[in-house]
Each structure stands twice: as structure tokens, then as C-alpha cells.
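Since we're looking at a predicted model, the values are computed, not measured.
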Amino acid sequence: MADNQRLQGKKIGVLFEADFFENEIFYYKYRFPEEGAELHFLSRLWNQPRLTFLGHEYRAPMECWESFENMSDEELRSYDAIIVPSGMVSDRLRYTDDVEKIPPATEFLKRAFAEKSILKGIICHGLWLTAPATELVKGRRLVCHNNLIGDAKAYGAVYVNEDVVVDGDDLVTGRSGGHAHLFAKKIIEILAER
């Protein structure tokens, strides 16, 4: 196997929405496949076949045609990693039409957390997606954007002042979108060892 194909046969899902941090998302778009991984951007498509989302910094358009909605348990288990990216993506994804229900994206994240075989990656403001289900991170070591340290502590998480933190064998967190390369490197290392 070529040195740069360490993730051959691995499948990675990145949750996606508008106001994404282009530098981070475009890095994943090329870096994970460079290692041989199959990469999927997953969103809520609102009964559309595809949606075009605009980035935050440069308003760069990026199309998404895959949804996490109605994903079967079998398909979910086919993923080796699910990543919640930085920026406003998680804030947009935590919208719910029915205020009595957990947002669909958080419900999906809960399902991913229930599968120990799936590596969960949360970077920067991605932590917001756990707000409606704080039990996912309660008692777990993590790092997040400096603006969310209070949130992390309120969720019952154990904040660690490092750029990338690994908790157990299924959670990797990163400080900010500017640390996406270090975050991705750790995810690649862990998946390559599995």
C-alpha cells in the first residue's frame, strides 16, 4: 500500500451547512482522499436533491447532495469517522422546526456517539451541536474554541488547554478551524492504526 493511502477503505463523513470555514472544509476535501479515504459531506437537504452552501470568509459556493436524515443504522455503521466542523455550521445544523424535539443533526450525532466503532471529531464551534445533548460530552476531556470554554464546562466536559485532544478511543477535538491540519492529522493517525 502506498504511503499516502493509509486510509484506503475508510469512510469519513463531515457534517455540512452554510457559513462553513472554507480553509478548513477545502483542506478536508483534499487531505482525506489524498490518504485514500472515501469522503462524504452530509447535511439536511430539506427535501431537495442538492443544496449549494456559501462559505463564511469568501462566500465560496460548495454543493452538497448527501443527507444524514433517514440514514439507516447499517449505513451509519459503514462510516469510520463523523466530523463536526468549525464555524457556524453546527449553529445552523442545530436548528429544529419542532422546539419540543432535539435537532435532527444532534439526533444524528447521538446515533454516531452510540457507535463506539465510529471515531467522532468535533472542532472549534462544532461543540455547539452537542448543546441539546450534553450527555455526549459530559465528563469527557476536550478542547474547543476559546469562546466556548464556558459552554464546555457548562456541558460538564473537562476542558483541556491543548490544540488537539483525544479522549478514549473514539473522540478527537480541536481548538479552532485554524488547527484543522493538526486535527485532521490526528484523525488520520487514529484511523490508519485501526
Side-chain angles (χ1 to χ4, degrees), residues 5-17 20 24-25 28-29 31-33 35-45 64-86 89-96 101-144 148 151-152 155-158 160 164-174 180 182-194:
Q5 294 290 295
R6 293 180 293 169
L7 299 188
Q8 195 70 46
K10 303 288 186 187
K11 187 174 173 185
I12 298 173
V14 177
L15 298 188
F16 196 58
E17 241 289 358
F20 61 93
E24 174 198 16
I25 294 299
Y28 299 157
K29 186 177 177 179
R31 186 67 188 98
F32 290 129
E35 290 286 351
E38 181 184 319
L39 184 63
H40 298 261
F41 289 95
L42 308 169
S43 190
R44 256 185 113 177
L45 296 181
C64 183
W65 55 89
E66 292 186 83
S67 175
F68 54 75
E69 296 174 286
N70 306 315
M71 184 183 288
S72 69
D73 290 341
E74 184 181 7
E75 186 180 351
L76 175 59
R77 282 192 286 268
S78 74
Y79 281 88
D80 296 281
I82 295 290
I83 295 171
V84 185
S86 73
V89 169
S90 62
D91 191 47
R92 290 186 175 275
L93 283 176
R94 65 183 180 165
Y95 173 79
T96 180
K101 292 184 179 173
I102 287 179
T106 301
E107 199 59 62
F108 175 75
L109 193 60
K110 282 179 69 172
R111 290 176 59 209
F113 264 83
E115 301 289 343
K116 289 293 285 178
S117 64
I118 299 175
L119 182 64
K120 277 69 70 177
I122 302 176
I123 186 168
C124 187
H125 283 75
L127 188 65
W128 272 339
L129 198 56
T130 68
T134 56
E135 68 275 9
L136 298 178
V137 293
K138 186 175 184 178
R140 301 204 68 174
R141 298 172 67 254
L142 58 75
V143 66
C144 55
L148 268 67
D151 302 63
Y155 300 170
V158 179
V160 180
V164 176
V165 174
V166 178
D167 182 78
D169 56 3
D170 70 335
L171 180 62
V172 178
T173 53
L182 301 174
F183 175 71
K185 181 180 179 186
K186 182 52 72 178
I187 288 171
I188 290 166
E189 284 172 4
I190 292 171
L191 291 181
E193 287 170 8
R194 289 185 171 184

Task: Trace of the side chain to side chain contact (heavy atoms under 4.5 Å, CB included) decision for L119 with I187 - done: CA-CA 8 Å; L119 182 64; I187 288 171; 4.0 Å; yes

Open item on the list: Is there a side chain to side chain contact (heavy atoms under 4.5 Å, CB included) between T130 and L109? Walk through the geometry before answering.
Closed with: CA-CA 8 Å; T130 68; L109 193 60; 3.9 Å; yes

Task: Pair K186-E189, salt bridge (Lys or Arg N to Asp or Glu O under 4.0 Å): steps then yes or no - done: CA-CA 5 Å; K186 182 52 72 178; E189 284 172 4; 3.1 Å; yes

Open item on the list: Does V164 form a side chain to side chain contact (heavy atoms under 4.5 Å, CB included) with V172? I'd like the steps, not just the answer.
Closed with: CA-CA 7 Å; V164 176; V172 178; 3.9 Å; yes

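For K11, the side-chain hydrogen bond (donor to acceptor under 3.5 Å, both in side chains) partners two or more places apart in sequence, or in a different chain, are S78.
With a 4.5 Å cut-off on side-chain heavy atoms, K110 and E135 count as touching. For the pair E193/D169, no side-chain contact is recorded, criterion being any heavy-atom separation below 4.5 Å from C-beta on. Counting only heavy atoms from C-beta outward, the side chains of L136 and K120 never approach each other to under 4.5 Å. Taking 4.5 Å as the limit, every side-chain heavy atom of E17 sits out of range of all side-chain heavy atoms of D91. The shortest side-chain heavy-atom distance between I12 and L7 falls under the 4.5 Å cut-off.
Atom CG of D151 sits about 8.0 Å away from atom CH2 of W128, to the nearest 0.5 Å. Taking CG from L171 and CZ from R141, the interatomic distance works out to 10.0 Å, rounded to the nearest 0.5 Å. Taking CZ of R92 as the start and CG of L15 as the end, the distance is 15.0 Å to the nearest 0.5 Å. Annotation: the span from I190 atom CD1 to I188 atom CD1 amounts to 11.0 Å, rounded to 0.5 Å. Between the CE atom of M71 and the CZ atom of R77 there is a distance of 12.0 Å, given to the nearest 0.5 Å. With values rounded to the nearest 0.5 angstrom, F113 atom CZ is found 11.0 Å from I82 atom CD1.
Among all heavy-atom pairs drawn from A105 and L93, the shortest one is CB-O, 3.4 Å. When every heavy atom of S67 is checked against every heavy atom of L42, the shortest pair comes out as O-CD2, 4.3 Å. The nearest pair of heavy atoms linking A81 to L191 is CB-CD1, 4.0 Å. The two residues A112 and L76 come nearest to each other via the heavy atoms N-CD2, 4.0 Å. T106 and A133 make their closest contact through CG2-CB, 3.8 Å (heavy atoms, listed as atom of the first residue, atom of the second, distance). Of all heavy-atom pairs spanning C64 and F41, the tightest one is SG-O, 3.3 Å.
In this pair, Y79 and H40 present their aromatic rings perpendicular. The plane angle is above 60°, beyond the 30 to 60° band. Using cut-offs of 30° and 60° for the angle between ring planes, the F20 and F16 rings count as tilted.
Ion pairing between a basic and an acidic side chain is recognised when a charged N comes within 4.0 Å of a carboxylate O; E35 and R31 show such pairing.
Under the 3.5 Å distance criterion, the side-chain polar atoms of R94 are left unmatched by any main-chain donor or acceptor of A131.
Few gaps surround NZ on K10; more than 12 heavy atoms of other groups in view lie less than 6.0 Å from it.
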